[in-house]
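Naming convention: chains lettered A, B, ... in sequence-line order (proteins, then strands); numbering from 1 in each chain. Quick caveat, the model's predicted, so the values are computed rather than measured. All values below come from the heavy atoms of this structure, side chains included, with hydrogens, waters and symmetry mates left out.
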Protein chains: 2
Amino acid sequence: MMARAESDAILDIGKLLKATRKVKRLTQEQVADMAGISRPRYREIEAGSSAARTTTLINIARALGLELMLIPQAMVPAVDALLRPHDDLDDLPAFVAHPDGERGD
Amino acid sequence: MMARAESDAILDIGKLLKATRKVKRLTQEQVADMAGISRPRYREIEAGSSAARTTTLINIARALGLELMLIPQAMVPAVDALLRPHDDLDDLPAFVAHPDGERGD
DNA sequence: ATAATATGATCTTTTTATATATCATTCACG
DNA sequence: CGTGAATGATATATAAAAAGATCATATTAT
């Protein structure tokens, strides 16, 4: 099958958004407001139950101090390595959304 | 002002998709097919005339050998630097879509 | 426990992303 | 030059994103 790779992706993105929001101590309503969407809508996106528009995701990401980027797949490990030791810099989760390289947790 | 930051974003993404598609010598129809969307729809996304869903963008990106990532804004310059000297590795455009840090072209 | 705040969840309506079909134009190429 | 492929572009129909309201269930205080 492998027909729900995209479901994995939006679930993964949702987890990242939630984790980042928690670290920044923001409420769903605050983030939704900053991103210009409703709270129920933001909740769904965070829960990964439906896919936001690209513009919506960008707005949410920026509200959380994240930037959406499209990385050549060959460079993903390098970017990953660059991001991982980042934990102590701010207090952001050095986390990315490339739901491809899922290791079983 | 600054009310069309998202329009800039999808325009920028569209340019990246088109440039990457050209480098890979794929037709719009091929990419649309790989991404599971229609050719007219892919054309619009590439033209930046409307925002795709997140899942759609992910599918298109992967069809083009790109991966969508959410990067902490503080790390964007470093990731950028990592991506730029990448030109000679494959023949992919070492290019990203963070339409925020637009320098005059 | 109680009150307040944050989150989970569902419903109705509006907006828009996407499919399918179609036609015009441009681009490669024999 | 003309034939076909690739692209630009538009119209109608459908599916899904997003708003707004509302209620339930946590969660966190006091």
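A:E46 places no side-chain N or O within donor-acceptor distance of the main-chain N or O of A:R43, the cut-off being under 3.5 Å. With A:D33 contributing its side chain and A:E29 its backbone, the two residues share no donor-acceptor pair below 3.5 Å.
Rounded to whole Å, atom C1' of D:dA19 lies 12 Å from atom CD1 of A:I45. Distance OH (B:Y42) to P (D:dA6): 14 Å, rounded to an integer number of Å. Distance, A:E6 CD to D:dA17 P: 11 Å, rounded to whole Å. When the P atom of C:dG8 is taken as reference, atom CD of A:E46 falls 7 Å away, rounded to whole Å. Distance B:I10 CD1 to D:dA17 P: 17 Å, rounded to the nearest Å. B:L17 places its CG atom 16 Å from the C1' atom of D:dT7, with the value rounded to the nearest Å. For the pair B:L57 CG and C:dT18 C1', the interatomic distance rounds to 15 Å; values are reported in whole Å. B:D33 places its CG atom 15 Å from the C1' atom of C:dT18, with the value rounded to the nearest Å.
Within the structure, every side-chain polar atom (N or O) of A:R41 is placed at least 4.0 Å from both OP1 and OP2 of C:dT10. Contact check, A:K18 against C:dA6: no side-chain N or O comes under 4.0 Å of OP1 or OP2. An OP1 or OP2 oxygen of D:dG20 is reached within less than 4.0 angstrom by no side-chain nitrogen or oxygen of A:S38. OP1 or OP2 of D:dA18 lies within a sub-4.0 Å distance of a side-chain N or O belonging to A:T56.
Using a 4.5 Å cut-off between side-chain heavy atoms of Ile, Leu, Val, Met, Phe, Trp and Tyr, with links allowed through other members, B:L11 and A:I58 fall into different hydrophobic clusters.
Over its length, the helix from C:dT7-D:dA24 to C:dG30-D:dC1 turns its helix axis by 50°, as judged from the five terminal pairs at each end, rounded to 10°.
Among the atoms of the strands shown, none is found under 4.0 Å from any heavy atom of A:A47. Within the nucleic acid shown, B:T27 comes within 4.0 Å of sugar-phosphate atoms alone, with no base atom in reach, counting heavy atoms only.
Across every non-hydrogen atom of B:A32 and B:S38, the tightest pair is CB-O, 3.6 Å. Across B:P72 and A:L83, no two heavy atoms sit closer than the pair CD-CG, 4.4 Å.
The pair A:R41-A:E44 counts as a salt bridge, with a side-chain nitrogen and a carboxylate oxygen less than 4.0 angstrom apart.
Out of C:dT20, C:dT7, D:dT10, the shortest distance to the side chain of A:Q28 is found at C:dT7. Candidate nucleotides D:dG8, C:dT20, D:dA19 were compared by shortest atom distance to the side chain of A:I37, and D:dA19 ranks first. Candidate nucleotides C:dA9, C:dA19, C:dT7 were compared by shortest atom distance to the side chain of A:R43, and C:dA9 ranks first. Counting only heavy atoms from C-beta on, B:P40 has its side chain closest to D:dA9 among D:dT7, D:dA9, C:dT7.
Considering only heavy atoms from C-beta on, A:T54 stays 4.5 Å or farther from B:R53 through its side chain.
Judged by distance alone, with hydrogens and angles left aside, A:R39 brings no side-chain donor or acceptor close enough to the base of D:dG20 to form a pair under 3.5 Å.
Of the residues B:L26, B:I60, B:L16, the one that meets the side chain to side chain contact (heavy atoms under 4.5 Å, CB included) test with B:R21 is B:L26.
Comparing B:E29 and A:R53 along DNA chain D, the residue whose closest nucleotide (by nearest heavy atom) sits nearer the 5' end is B:E29.
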